[in-house]
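Convention: sequence-line order gives letters A, B, ...; per-chain numbering from 1.
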Amino acid sequence: MEHIELFFKSIFIDNMVFATFLGMCSYLAVSKKVSTAVGLGAAVIFVLAVTVPLNWLLDQYILKEGALVWLGPEYAEYDLSFLSFIMFIATIATMVQLVEIIVEKFSPSLYNSLGIFLPLIAVNCAILGGSLFMQSREIPSLGLAFTYGIGSGIGWFLAILAIAAIREKIRYSSVPPALRGLGITFIITGLMAIGFMSFGGMLTGGDDEKKEEKKPAVEAKVEKEEVKETANKVVAKNTNTNQE
Amino acid sequence: MGLLSKKDAVLITDPLLDNNPITIQVLGICSALAITAELKASIVMAVSVMFVLGLGNVVISLMRNIIPSKIRIIVQLVVVATLVIIVDLVLKAFAYELSKTLSVFVGLIITNCIIMGRFEAFALGNGPWRSFLDGIGNAVGYGLILVAVGFFRELLGSGTLLGFKVLGDPIEKTGLYAIGYENNGFMLLSPMALIVVGIIIWVQRTKNKSLIEEN
């Protein structure tokens, strides 16, 4: 259950692009065509799904205060968390290099169309941001870290796909000259972010509240059915009178 | 001729308007948007970026002839990460509250594209002094937009600037609030940052027609 909750939360409520503005640079630069946007989005999902759990392990067993205790009790006092930036970015840079090699081998066309943007995934804030948020939100287990990575990757993918589709269409509309290109993209993203804010109500409230709400919901259903029946009768009557 | 020759002065003035990192080069947007709900946070962010970009540009420029081009990204990341750790520790020591508000966004200076972008585009091909000027110029251009966005969002969103109540007290109904003015709480939410930047771009390109893009 908590996996599903975290999954949808990271896609919709804490969407990387719309809620925290991570990965905006490549989001703006690569969103001119849907096909390249899909390629980059897929690469981001993959890299996030690998690096977040990896960095979770690093954080848990090397960086956290007292994390080195598995080496022996005398290491319990070490706190290496000031090194986390450099460790995380090193993991990410290595992983990105790996993805680049794999993509070049298996899909040269994708490799050509992504061009210089693949190395830029290393400096995509969405990737490092995923790991840093994982650390600051204290995600408790490796499985959840994986879910979080995949979820936020999919959220980013959805965002770039949506904006690329809109930008392909907007080419045919008459935008004020000064807003063309970058300006209108910003404003559209702002409007989409307002739209995504409506997902905020989706998972709020603890389990206790949900249990309390269930009973009235059943009663409400019964009432609704009654209302429906009476409504049907009224409709039937009306049609009768019309026929008469 | 003073400290700066004409050619060098361009390096500082150009990124302020006509080649602004945020509105024209489209670099470093992530952090520009997320932390601008308050003016104070935007200023601190701008200063941190100035420190990292200025020093980082010098370091990379000094090492530009000995870095093998294949691993340059990793070298650059290590340099930035080191500088950012310094900033982070300084903030934690002297401005703890503020470093809590900025949370992960200090760390995200590492992946701020403006920094890698300037390393790649400038520091790898120029001497240390010119790289330093370029770094400072771009950081100031970046800071300008940040401060502008932070100014409007804090003023319209909570009626304060740097925490001072410039528009009067909303609870005791003094100042502007006496005649029925209300704060626009929406300005504090994240989507408005995007729209404010969009409007800044709009204004800038209306003033300078040569910047207008083809669709």
Side-chain angles (χ1 to χ4, degrees), chain A residues 17-29 82-90 92-94 96-97 119-120 122-129 131-133 135-136 167 170-173 175-197, chain B residues 22-24 26-35 71 73-74 76-78 80-82 84-85 88-89 92 103-117 120 186 189-209 211-215:
Chain A
V17 174
F18 297 128
T20 45
F21 305 119
L22 296 177
M24 283 299 282
C25 307
S26 24
Y27 168 84
L28 292 168
F82 68 95
L83 280 180
S84 48
F85 292 161
I86 219 164
M87 295 285 270
F88 285 180
I89 202 73
I92 290 166
T94 323
V96 168
Q97 205 82 58
L120 280 183
V123 289
N124 187 332
C125 345
I127 311 288
L128 181 63
S131 292
L132 288 177
F133 272 123
Q135 192 190 30
S136 74
R167 282 180 85 170
I170 212 166
R171 219 167 287 155
Y172 305 109
S173 34
V175 178
L179 266 179
R180 259 175 222 158
L182 192 57
I184 196 71
T185 314
F186 265 103
I187 291 180
I188 294 170
T189 314
L191 294 176
M192 282 161 75
I194 295 174
F196 264 69
M197 277 169 61
Chain B
I22 293 184
T23 61
I24 311 296
V26 206
L27 294 173
I29 294 172
C30 332
S31 54
L33 299 168
I35 43 89
I71 58 158
I73 293 207
I74 298 203
Q76 289 164 359
L77 283 175
V78 172
V80 191
T82 318
V84 170
I85 288 175
D88 187 44
L89 291 180
K92 269 188 186 142
S103 69
V104 300
F105 290 99
V106 178
L108 287 175
I109 297 179
I110 300 174
T111 49
N112 195 326
C113 347
I114 191 178
I115 291 177
M116 298 296 282
E120 285 280 305
F186 205 53
L189 298 173
S190 42
M192 284 314 287
L194 285 161
I195 294 179
V196 171
V197 175
I199 292 170
I200 291 177
I201 292 174
W202 192 2
V203 171
Q204 191 191 9
R205 293 189 183 185
T206 318
K207 297 252 179 208
N208 187 348
K209 300 276 187 212
L211 299 176
I212 290 174
E213 291 172 49
E214 303 261 321
N215 247 335

(message) To check you understand the geometry: which heavy-atom pair defines the closest contact between Arg180(A) and Arg205(B), and what is its length?
(response) O-NH1, 3.8 Å
(request) Write down the atom of Gly198(B), the atom of Leu179(A), and the distance for their closest heavy-atom approach. (result) O-CD2, 4.1 Å
(request) Name the region of Ser136(A), side chain, backbone, both or neither, that has any atom closer than 4.5 Å to a heavy atom of chain B. (result) side chain
(message) Just so I know, are the side chains of Met192(A) and Leu194(B) near enough to count as touching, which here means a heavy-atom distance under 4.5 Å?
(response) no
(request) Report the residue from Thr82(B), Ile109(B), Val84(B) that forms a side-chain contact (heavy atoms from CB on, under 4.5 Å) with Phe85(A). (result) Val84(B)
(message) For Ile86(A), which atoms come within 4.5 Å of any heavy atom of chain B: side chain, backbone, both, or neither?
(response) both
(request) Heavy-atom distances under 4.5 Å only: say whether Phe196(A) touches chain B with side chain, backbone, both or neither. (result) neither
(request) Under 4.5 Å heavy-atom distance to chain B, tell me which part of Ala90(A) shows up: side chain, backbone, both or neither. (result) neither
(message) Report which part of Met197(A) has an atom under 4.5 Å of a heavy atom belonging to chain B: side chain, backbone, both, or neither.
(response) side chain
(message) To the nearest 0.5 Å, what is the distance between CD1 on Ile194(A) and CD1 on Ile195(B)?
(response) 4.5 Å
(request) Considering non-hydrogen atoms only, spot the tightest contact between Leu77(B) and Ala93(A) and give its length. (result) CD1-CB, 3.9 Å
